[in-house]
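Take a look at the structure below.
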Amino acid sequence: MRAACGWIAMLAALGSLGAMAQEAAPANPCMEVTVNGERAPSYDCLTQKMRPPASAPRDADGVPQLASEAIANRPSNQLGLFNRAATSTRMGNTFGTSVYPQRPPPVAPVSPLIPGR
């Protein structure tokens, strides 16, 4: 009798492991078909897998956004890219006319030992 209880407990544990394995498996696995030696994937299935999850942040129209879209929509100065206003400020009055930025004229050194100079 005791051995039967052990078997029942083991079968129940295996059954629960099988149920957990089924839950971990994807709901709709993508199927590939081989025709004349060429593999043809299911593009509809792959497109479904590429869509953002339902918990993804949404834009103003309610369309889910990918994480890469949030990065692409950041301002150029946050991404380290060209920014016309920042480049114009850095180049000064030489913007568009020279490759060298505007710099103030060099200051002549003054000696504290020689007065009047």
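Predicted model only: the values in this text are computed from it and were never measured.
- Rounding to the nearest 0.5 Å gives a distance of 11.0 Å between CZ of Arg90 and CG of Asn83.
- Its side chain within the 4.5 Å cluster rule, Val35 clusters with Val33 among the Ile, Leu, Val, Met, Phe, Trp and Tyr residues.
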Validation: residues 93-108 side-chain donor-acceptor distances under 3.5 Å, sequence neighbours left out:
residue	atom	partner	partner atom	Å
Thr94	OG1	Met91	O	2.8
Thr94	OG1	Tyr100	O	3.0
Thr94	OG1	Gln102	N	3.4
Thr97	OG1	Thr94	O	3.1
Ser98	OG	Tyr100	N	3.1
Gln102	OE1	Asn93	N	3.0

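- Residues passing the side-chain contact (heavy atoms from CB on, under 4.5 Å) test with Leu113 are Ser111, sequence neighbours excluded.
- Residues passing the side chain to side chain donor-acceptor pair (under 3.5 Å) test with Arg84: none are found, sequence neighbours excluded.
- Leu81 and Ile71 fall within a single hydrophobic cluster, where Ile, Leu, Val, Met, Phe, Trp and Tyr side chains are chained together by heavy-atom contacts under 4.5 Å.
- One distance of note links OG of Ser42 with NZ of Lys49; it measures 10.0 Å at 0.5 Å rounding.
- Looking at residues two or more places apart in sequence or on another chain, you find no side-chain contact (heavy atoms from CB on, under 4.5 Å) involving Glu38.
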